[in-house]
Asker: 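The structure is given below, and queries will be raised subsequently.
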Number of protein chains: 2
Amino acid sequence: MAMKIGELAERAGTSVKTIRYYDRVGVLQPEERSEAGYRLYGDDALERYRFVRAAQAVGLHLGEIRQILALRNRGETPCGYVVELIGRRADELDARIDELVTLRDELRHLTKRAATLDPRRCDPKLVCHVIRQDA
Amino acid sequence: MAMKIGELAERAGTSVKTIRYYDRVGVLQPEERSEAGYRLYGDDALERYRFVRAAQAVGLHLGEIRQILALRNRGETPCGYVVELIGRRADELDARIDELVTLRDELRHLTKRAATLDPRRCDPKLVCHVIRQDA
DNA sequence: CTTGACTCTCCCCTTGAGGGGAGACTTTAG
DNA sequence: CTAAAGTCTCCCCTCAAGGGGAGAGTCAAG
């Protein structure tokens with residue numbers, strides 16, 4: 001019934017190191033330890049591992065995931081908190097996307113402008129006229 | 001004429017640490033060293049610093065900037081290389097933006113779906129039904 | 001009983017662009 | 001001349017999610 005870390009790692013398709021790390025940061029802790037100190041996991045460990053991965057996949061940090069699991073362990077339904085986190089992450093993504101789009105457009109613009117410039121007329125005092133240093 | 005690192009940092013509006021770091025990675029090296037080993041910079045140092053910042057601002061790493069400056073120091077016009085780097089960076093941004101947009105849309109979708117779910121009907125075996133762990 | 005496979009903890013390493021601080025010199029102002 | 005300020009190198013630290021390996025203990029099969 002209780003599996004050791006190697007079996008869990010294999011069943012989860014990950015490394016022993018990762019499982020140990022998840023224990024250390026508190027997102028996937030063993031049910032108990034054997035007399036020799038071996039981590040022993042129940043069957044729900046695999047499912048919990050999958051949750052952690054799924055939560056990571058939607059952009060949550062392990063610290064946040066730990067909070068969610070802590071709520072869960074206290075018997076509360078963490079859904080509200082999860083929705084809040086996800087909404088916040090989505091807002092951050094919006095902002096980040098805006099930044100990246102702005103930067104990308106600027107780069108494309110620089111590329112276009114560079115095509116109209118003669119490299120031989122590059123100001124020797126500047127490193128490269130393609131990059132504007134008007135700041 | 002020759003300024004020491006503190007003056008350059010102040011004129012550039014940055015820290016002495018940063019200037020030293022730029023020396024170490026080879027994007028802004030002093031013209032010479034004083035007898036006591038102090039870094040001595042010429043007047044073009046400020047301009048070069050601004051170029052480094054501008055290049056960073058368009059997403060180039062210091063390693064790439066060093067390449068550009070190396071070309072420049074060999075007397076070549078690095079414009080072609082710069083255009084190539086910028087094009088590559090823009091392509092990377094496109095890919096990254098796609099990823100982020102996909103993730104954001106997924107998050108928004110999760111949020112909408114969560115609004116239709118009853119937290120009290122959260123499967124006790126799952127941590128939270130908002131995050132799907134179908135993987 | 002022994003050997004090979006697991007497992008444990010502990011420590012350092014990774015990326016990028018620096019920041020903080022120690023301890024030793026050097027320069028500058030009064 | 002002295003004290004303060006500036007500069008030098010060297011070393012560790014940051015963040016995230018682990019990876020690599022050492023050295024020691026443990027467990028299973030032959």
Side-chain angles (χ1 to χ4, degrees), chain A residues 1-41 45 48-69 85 89 92-93 96 103, chain B residues 1-41 45 48-69 85 89 92 96 99 103:
Chain A
M1 197 60 178
M3 39 183 174
K4 285 181 290 185
I5 197 170
E7 186 183 345
L8 175 57
E10 189 170 3
R11 288 221 268 170
T14 186
S15 71
V16 167
K17 278 284 188 185
T18 298
I19 303 291
R20 274 203 203 99
Y21 180 66
Y22 283 4
D23 180 11
R24 196 153 67 83
V25 299
V27 293
L28 180 56
Q29 276 155 342
E31 263 182 16
E32 53 172 349
R33 294 278 188 140
S34 78
E35 229 168 296
Y38 284 19
R39 291 170 179 84
L40 298 179
Y41 296 89
R48 175 161 288 208
Y49 171 81
R50 292 206 189 98
F51 173 78
V52 173
R53 282 300 185 182
Q56 275 187 304
V58 297
L60 300 184
H61 302 308
L62 292 180
E64 293 167 330
I65 298 170
R66 178 162 32 80
Q67 303 295 325
I68 295 170
L69 292 168
L85 278 181
R89 193 66 67 243
E92 288 169 14
L93 282 178
R96 185 72 183 137
L103 180 55
Chain B
M1 196 60 178
M3 37 183 176
K4 283 180 291 185
I5 197 169
E7 186 183 346
L8 175 56
E10 188 168 4
R11 288 221 268 169
T14 186
S15 72
V16 168
K17 279 282 187 186
T18 297
I19 304 289
R20 276 203 202 99
Y21 180 66
Y22 283 4
D23 180 11
R24 197 152 66 83
V25 300
V27 294
L28 180 55
Q29 274 153 343
E31 264 181 14
E32 53 173 347
R33 293 280 189 138
S34 80
E35 229 167 295
Y38 284 20
R39 291 171 180 82
L40 299 178
Y41 295 89
R48 174 161 289 207
Y49 171 81
R50 292 204 189 100
F51 173 78
V52 173
R53 282 300 186 184
Q56 276 187 302
V58 297
L60 300 185
H61 302 309
L62 292 180
E64 293 168 331
I65 298 170
R66 179 163 33 80
Q67 304 294 325
I68 295 170
L69 293 167
L85 279 181
R89 194 66 66 244
E92 287 169 14
R96 184 76 183 131
E99 283 177 20
L103 180 55

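Just so it is clear, the values below take in all heavy atoms, side chains as well, and ignore hydrogens, waters and symmetry mates. In what follows, chains carry the letters A, B, and so on, assigned in the order in which the sequence lines appear, proteins first and then strands, with residues in each chain numbered from 1.
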Asker: Take the C1' atoms of the five end pairs on each side of the helix from C/dC1-D/dG30 to C/dG30-D/dC1, get both axes, and report the angle to 10 degrees.
Answerer: 30°
Asker: For residues B/D23 and B/I5, determine if any side-chain heavy atom of one lies less than 4.5 Å from a side-chain heavy atom of the other.
Answerer: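 They are not in side-chain contact.
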Asker: Does anything in residues 59-66 of chain B come within less than 4.0 Å of DNA chain C? Heavy atoms only, and list the residues if so.
Answerer: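 Contacting residues: B/H61, B/L62.
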Asker: Taking all heavy atoms of A/Q29 and all of A/G26, pick out the closest pair and write down the distance.
Answerer: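 Scanning both residues, the minimum pair turns out to be NE2-CA, 3.6 Å.
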Asker: Which heavy atom in A/A45 sits nearest to a heavy atom in A/L28, and how many Å separate them?
Answerer: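 For A/A45 versus A/L28, the nearest heavy atoms are O-CD1, 3.8 Å.
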Asker: If every non-hydrogen atom of A/Y38 is compared with every non-hydrogen atom of A/K4, which pair is closest and at what distance?
Answerer: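 That closest heavy-atom pairing would be CD2-CD, 3.6 Å.
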Asker: Would you mind reporting whether A/R48 and A/L69 have side-chain heavy atoms less than 4.5 Å apart?
Answerer: yes
Asker: Do you know the tightest heavy-atom contact between A/A57 and B/L103?
Answerer: O-CD1, 3.6 Å
Asker: Quick one: list whatever passes side-chain contact (heavy atoms from CB on, under 4.5 Å) with B/L62, sequence neighbours left out.
Answerer: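 B/L62 satisfies side-chain contact (heavy atoms from CB on, under 4.5 Å) with B/Y21, B/Y22, B/V25, B/V27, B/V52, B/Q56, B/I65 only.
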Asker: For residues 10-17 of chain A, run the donor-acceptor check on the side chains, cut-off 3.5 Å, and write out each pair with its distance to 0.1 Å, sequence neighbours left out.
Answerer:
residue: A/S15; atom: OG; partner: A/T18; partner atom: N; Å: 3.1
residue: A/S15; atom: OG; partner: A/T18; partner atom: OG1; Å: 2.8

Asker: Applying salt bridge (Lys or Arg N to Asp or Glu O under 4.0 Å), name anything that partners B/E31, two or more places apart in sequence or on another chain.
Answerer: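 For B/E31 there are no salt bridge (Lys or Arg N to Asp or Glu O under 4.0 Å) partners, ignoring immediate neighbours.
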Asker: Encode nucleotides 23-30 of chain C as B, S and - characters from 5' to 3', where the letter depends on protein heavy atoms closer than 4.0 Å: B to the base, S only to sugar-phosphate, - to neither.
Answerer: ---BSS--
Asker: List for me each residue that meets salt bridge (Lys or Arg N to Asp or Glu O under 4.0 Å) alongside A/R66, sequence neighbours excluded, and say none if there are none.
Answerer: none
Asker: Identify the 5'-most and 3'-most nucleotides of DNA chain D with at least one atom closer than 4.0 Å to a non-hydrogen atom of chain A.
Answerer: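 Answer, 5' to 3': D/dA17 to D/dC27.
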Asker: Could you give the CD-to-P distance, from A/E32 to C/dT7, as a whole number of Å?
Answerer: 16 Å
Asker: For B/Q56 and for A/L40, find the nucleotide of DNA chain C with the closest heavy atom, then tell me which residue's nucleotide is more 5'.
Answerer: A/L40
Asker: Sequence neighbours excluded, which residues qualify as side-chain hydrogen bond (donor to acceptor under 3.5 Å, both in side chains) partners of A/E32?
Answerer: none
Asker: With sequence neighbours excluded, tell me which residues meet side-chain hydrogen bond (donor to acceptor under 3.5 Å, both in side chains) with B/E64.
Answerer: B/R89
Asker: Enumerate the residues from residues 6-25 of chain B whose closest heavy atom to DNA chain C is under 4.0 Å, giving them by residue number; use none for an empty result.
Answerer: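 Listed by number, they are B/S15, B/K17, B/T18, B/Y21, B/Y22.
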Asker: Can you pull the salt bridge (charged side-chain N to carboxylate O under 4.0 Å, His left out) pairs that have at least one residue in residues 51-61 of chain B, sequence neighbours excluded?
Answerer: none
Asker: Measuring to OP1 and OP2 of C/dT7, would you say a side-chain N or O of A/R39 lies under 4.0 angstrom away?
Answerer: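 No, outside the criterion.
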Asker: State whether B/E99 and B/R96 are salt-bridged, where the test is any N-O pair (Lys NZ or Arg NE/NH1/NH2 against Asp/Glu carboxylate O) under 4.0 Å.
Answerer: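 Looking at B/R96 together with B/E99, the answer is yes, because their closest N to O distance falls below 4.0 Å.
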